[in-house]
Every structure is written in structure tokens, then in C-alpha cells.
Undergrad: 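Right, I'll just put the structure down here and ask away after.
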Number of protein chains: 2
Amino acid sequence: MPSNRKQHLVETALKLFYQEGFHSTGIDKILAASGVAKMTLYKHFPSKDDLIRAVLEERDKRFREWFFGRVEELGNGPQEKLVAVFDVLTEWIQGDDFRGCMFINAAAEFSSKNDAISQVASDHKVLMCEFLDGLVKDAGYSNPETLSYQLALLVEGAIVIGHVCGDKEAGAKAKEAALVLMAGA
Amino acid sequence: MPSNRKQHLVETALKLFYQEGFHSTGIDKILAASGVAKMTLYKHFPSKDDLIRAVLEERDKRFREWFFGRVEELGNGPQEKLVAVFDVLTEWIQGDDFRGCMFINAAAEFSSKNDAISQVASDHKVLMCEFLDGLVKDAGYSNPETLSYQLALLVEGAIVIGHVCGDKEAGAKAKEAALVLMAGA
DNA sequence: CACCAAATATACAGACCTGTCTGTTTAGCA
DNA sequence: TGCTAAACAGACAGGTCTGTATATTTGGTG
């Protein structure tokens with residue numbers, strides 16, 4: 001095992017940043033939790049910001065992999081997959097470790113002047129929207145961009161209400177709304 | 001003028017916390033920007049957390065006052081007011097100083113272990129939902145709770161996408177979706 | 001075994017942050 | 001004018017944070 005230290009650092013930081021936030025999680029806490037030496041961290045990541053960016057990119061990769069994969073598992077046709085999006089969303093929100101969307105949280109913590117981090121957050125949301133857009137197009141709706149954007153609004157709304165208000169039913173309620181919008185489109 | 005210092009502190013902190021985040025804004029920055037002495041701050045607020053709570057409570061008060069008032073201005077009947085919600089939302093998102101919802105941002109920055117701050121954020125969202133619920137009931141919809149929750153999802157979704165992706169049209173697009181949901185209810 | 005690169009422990013610099021302490025100045029009011 | 005309470009300036013304590021320097025230990029490979 002060559003340098004799985006780097007991966008291990010990202011892993012640990014991912015968990016801590018998500019659970020406690022970026023500013024609240026100091027480098028030392030990540031080092032203690034991972035059992036890695038400080039010099040090793042700074043060899044792989046020139047600064048904390050670089051580590052944060054790496055963590056966000058990893059999170060984006062994993063989350064989309066999980067989310068998209070789960071949607072494919074649950075839904076058979078394109079129409080069913082579209083509905084499954086909201087079942088997967090519900091699964092996520094109802095999970096014990098749910099603490100909102102890491103990218104929304106990052107955008108909240110880093111003002112827009114931190115372009116690099118804000119950009120990763122924005123990119124993630126764009127990729128999520130594009131996934132929805134693909135499903136809507138596959139399902140053959142007219143005006144697909146309109147519908148997919150509207151479904152994205154519901155997804156983001158459910159994440160926020162699920163997090164801020166702790167409403168575990170936010171995903172299920174978003175699903176109901178989505179069905180209305182899909183029926184009307 | 002006796003103790004408008006306290007109010008002035010809240011004012012300055014409100015602006016800085018919203019623009020740059022809570023952790024990124026140090027006490028000293030607030031003092032420098034407001035021209036108030038440190039001892040004065042700590043006389044009125046025992047800790048930074050107390051100041052943050054006071055700021056959030058003030059923000060909640062002002063924001064709802066502005067938002068609700070603006071909705072009343074723009075809409076005549078209950079139905080029109082419901083639509084106006086999304087016009088006011090759009091106004092907000094399109095404003096130059098828009099940096100998302102301060103309560104979503106607070107919830108992101110303070111993990112749920114900080115009960116007091118998370119509670120203020122949750123309370124704010126509940127009050128916003130109740131406002132929507134009142135409008136929906138006035139408009140005479142059946143299943144008002146269902147519709148008002150769905151509209152709330154759209155509102156929160158638009159705030160998030162408007163912030164994270166910088167999409168100034170998020171409010172207008174949420175309005176379209178709202179009209180579909182209202183027509184289907 | 002010997003070598004070498006990687007990772008380690010640990011101390012430290014320097015910045016910043018919250019919160020306190022001390023003494024001075026201001027401003028309203030009798 | 002003189003009293004009083006509030007706000008002031010500014011130094012300081014104590015902690016935490018990021019990032020660096022140094023010297024030691026590990027672990028894989030010839």
C-alpha cells in the first residue's frame with residue numbers, strides 16, 4: 001500500500017467536514033482522527049483549502065455515483081426512474097447521518113469570493129440538474145428543461161427543509177409535488 | 001440617545017455575518033466596522049453566540065416583515081398574494097446583496113449540537129411555511145397543508161439554486177412551477 | 001542486511017480569536 | 001459646574017488555528 005494515506009485523509013476529512021462544518025473542523029482534529037502526521041497532510045495538500053476542494057470533489061463523485069446508481073436500481077423505465085429520484089432522495093434524508101447537502105453547506109460557509117470552492121458547489125448542482133434533465137428527456141416530455149428544473153427545485157427544497165427543520169418526510173412530500181408537475185407537463 | 005449602541009452592533013453584525021459568514025467574521029471586525037468598543041459589546045452580549053442569536057432573531061423579524069409586507073402590497077386577493085410570494089422571492093434573489101438565506105447558512109455552519117442557533121433557523125422556516133399556509137387557506141384550496149408545503153419546497157429550492165448556482169431566474173422558474181401546482185390542487 | 005523513501009513525533013512560529021482588565025473620556029443631567 | 005453612568009481605547013491573557021522545521025522511525029526493496 002503506497003500512498004493510501006492521502007485517500008485516508010480525504011476519507012476522514014469528508015466525514016468530519018460533513019458532520020461539523022468546514023471552519024469548525026481544524027486540521028489537528030482531522031489528523032488525530034486519521035492518525036496521520038501533519039507533515040504528511042501538507043505534503044499532499046498545500047493548504048486546508050486544497051484539502052477542502054479535494055474533499056468536495058470526492059464527495060461529488062461518490063454522491064452522484066450512489067444517487068444515480070440507486071435511481072437506476074429502483075426505476076425500470078425512464079418514467080419510473082424519474083419517480084425513483086424522490087425515493088432515493090427520501091432514503092438520503094432519512095438516513096441517520098444526514099446533515100444537508102455538503103455543497104449547499106460549503107456555499108454557505110465560503111462567501112463567493114472563494115471562487116474555487118463556490119465553483120465546485122455550483123458544478124455539483126449543475127451535474128445533478130443535468131441528470132434530471134436526461135431522465136426527463138428520456139421519458140419524452142415536451143419542454144424537458146422546464147420540467148427538469150422544476151423537479152430540481154423540489155429536490156433542493158426537500159434537502160433544505162429536511163435539514164433545517166429536521167422533517168424526515170420532506171422527500172416524500174416532494175415526490176407528491178413532483179407527480180403533480182409531471183402529470184401537468 | 002441612550003443605548004442605540006446595541007442596535008448598531010446588531011445592524012453591523014447582521015451585514016457582516018450575512019456577507020461573509022459567521023465563523024469568518026471575527027468580533028474585532030464587527031467592532032471596527034461599527035466603531036463600538038469591545039467592552040460595550042460584551043456588556044450587551046455575554047458571548048459571540050449570543051450576538052449571533054440576537055442577529056438571527058432580528059433578521060427573522062425584519063425579513064418576515066419585509067417579505068410579508070411586500071406580498072400584501074403586490075397581491076390583492078388571497079390568490080394573487082400567493083402568486084406574489086414568488087415575485088417577492090424573485091426580487092430578493094435578484095438583489096445585489098443576495099447571498100442565500102441566512103438561516104440555511106446558519107444551519108450549515110452550526111452543526112445541530114448548537115441547539116439554540118439551529119432552533120432559530122428552524123423556527124424561521126416554520127413561520128415562513130405558516131405564512132404560506134395562511135394564504136393557501138384564505139384562497140380556499142382543499143388540502144391546504146399539502147399545497148402550502150409544496151410551495152414552500154419551491155421557495156426553498158429557488159433560494160438554494162439562486163445562491164449556489166447564481167441563477168437569478170430561479171424565482172421566476174419557481175413561480176411557473178407554483179402555478180402548475182396551484183392549478184392542479 | 002542495508003538502503004531509501006515515506007511517514008512519524010514533536011516543537012515551534014506567527015497569526016487570529018474570544019473574552020477580560022484597567023484606566024480614560026465622553027455625555028447627559030441636576 | 002460637578003456628578004454619574006456609559007462608552008471609550010488599548011493592552012493583555014489564554015486558547016486555537018494554519019503551516020513549517022527538525023529529527024526519528026518505520027517499511028518495502030535491492
Side-chain angles (χ1 to χ4, degrees), chain A residues 1-57 105-106 108-111 113-118 120, chain B residues 1-57 105-106 108-111 113-118 120:
Chain A
M1 26 196 123
S3 184
N4 56 0
R5 296 285 163 192
K6 184 170 181 178
Q7 191 59 26
H8 185 215
L9 274 171
V10 171
E11 204 90 31
T12 310
L14 183 48
K15 190 184 300 176
L16 290 176
F17 283 149
Y18 184 59
Q19 284 172 346
E20 307 185 15
F22 298 95
H23 284 101
S24 293
T25 306
I27 289 289
D28 289 340
K29 198 182 288 181
I30 295 168
L31 296 175
S34 62
V36 171
K38 196 174 255 193
M39 282 309 292
T40 307
L41 186 152
Y42 279 100
K43 172 179 289 184
H44 292 301
F45 305 99
S47 74
K48 186 183 178 182
D49 260 34
D50 289 273
L51 175 61
I52 292 174
R53 272 202 303 278
V55 164
L56 287 176
E57 277 157 15
N105 295 352
E109 244 182 285
F110 298 96
S111 65
K113 72 187 170 199
N114 196 327
D115 287 326
I117 290 178
S118 301
V120 179
Chain B
M1 13 190 136
S3 183
N4 55 1
R5 296 286 164 190
K6 184 170 182 177
Q7 190 59 26
H8 186 215
L9 275 172
V10 170
E11 204 89 33
T12 309
L14 183 47
K15 190 184 300 178
L16 290 175
F17 283 149
Y18 184 59
Q19 285 172 345
E20 307 186 14
F22 298 95
H23 285 100
S24 294
T25 305
I27 290 288
D28 288 340
K29 198 182 288 181
I30 296 167
L31 296 175
S34 62
V36 171
K38 196 174 255 192
M39 282 310 293
T40 307
L41 186 153
Y42 279 100
K43 171 179 289 184
H44 293 300
F45 306 99
S47 74
K48 186 183 177 181
D49 260 34
D50 289 274
L51 175 61
I52 291 174
R53 273 202 302 279
V55 164
L56 286 176
E57 277 158 15
N105 295 351
E109 231 172 304
F110 299 96
S111 65
K113 71 186 171 202
N114 195 326
D115 288 328
I117 290 178
S118 302
V120 178

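Letters A, B, ... mirror the listed sequences (proteins, then strands); counts begin at 1. The structure displayed is predicted, hence computed values, not measured ones.
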Undergrad: Nearest whole Å is fine: how far is dT18(D) P from Asp50(A) CG?
TA: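 Taking atom P of dT18(D) as the reference, CG of Asp50(A) is at 13 Å.
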Undergrad: In this structure, how many angstroms lie between the P atom of dT18(C) and the CG atom of Asp28(B), rounded?
TA: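 Rounded to the whole Å, the gap is 7 Å.
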Undergrad: Do Phe17(B) and Ile30(B) touch side chain to side chain, with heavy atoms closer than 4.5 Å?
TA: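 Phe17(B) reaches Ile30(B) side chain to side chain.
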Undergrad: Under the 3.5 Å rule, do the base of dG19(C) and the side chain of Lys38(B) count as making a donor-acceptor pair?
TA: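 Donor-acceptor pair under 3.5 Å: yes.
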Undergrad: Go through dT20(D), dA7(D), dT8(C) for me and flag the one nearest to the Ala37(A) side chain.
TA: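 The listed nucleotide nearest to Ala37(A)'s side chain is dT8(C).
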Undergrad: Are any of the side-chain heavy atoms of Asp28(A) and Lys38(A) separated by less than 4.5 Å?
TA: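 They are in contact (side-chain heavy atoms under 4.5 Å apart), so the answer is yes.
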Undergrad: Please state how far atom CZ in Phe45(A) lies from atom P in dA7(C), giving the value in whole angstrom units.
TA: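 Value for this atom pair: 12 Å.
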Undergrad: Using whole Å, what does the distance between atom P of nucleotide dT25(D) and atom CE of Met39(A) come to?
TA: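 Atom CE in Met39(A) sits about 18 Å away from atom P in dT25(D).
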Undergrad: Measure CD1/Ile52(B) against P/dG19(C) and give the value in whole Å, please.
TA: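 Atom CD1 in Ile52(B) sits about 10 Å away from atom P in dG19(C).
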Undergrad: Between Phe110(A) and His23(B), is the ring centroid distance below 6.0 Å?
TA: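 Here the rings of His23(B) and Phe110(A) have centres that are no less than 6.0 Å from each other.
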Undergrad: Which whole-number value in Å describes the distance from Phe22(B) CZ to dC17(C) P?
TA: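 Rounding to the nearest Å, CZ of Phe22(B) and P of dC17(C) are 16 Å apart.
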Undergrad: For the pair made of NZ in Lys43(A) and P in dT20(D), what is the distance, rounded to whole Å?
TA: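 Roughly 14 Å, once rounded to whole Å.
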Undergrad: I want to check something: taking the side chain as every heavy atom from C-beta on, are Lys43(A) and Arg5(A) in contact at a cut-off of under 4.5 Å?
TA: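 Side chain of Lys43(A) against side chain of Arg5(A), heavy atoms only: no contact under 4.5 Å found.
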Undergrad: Could you check how far CD of Gln7(B) sits from C1' of dA7(D), rounded to whole Å?
TA: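 Atom-to-atom, Gln7(B) to dA7(D), this comes out as 17 Å.
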Undergrad: Please confirm whether the shortest side-chain N or O distance from Thr40(B) to OP1 or OP2 of dC8(D) is below 4.0 Å.
TA: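 Yes, Thr40(B) has a side-chain N/O under 4.0 Å of OP1/OP2 on dC8(D).
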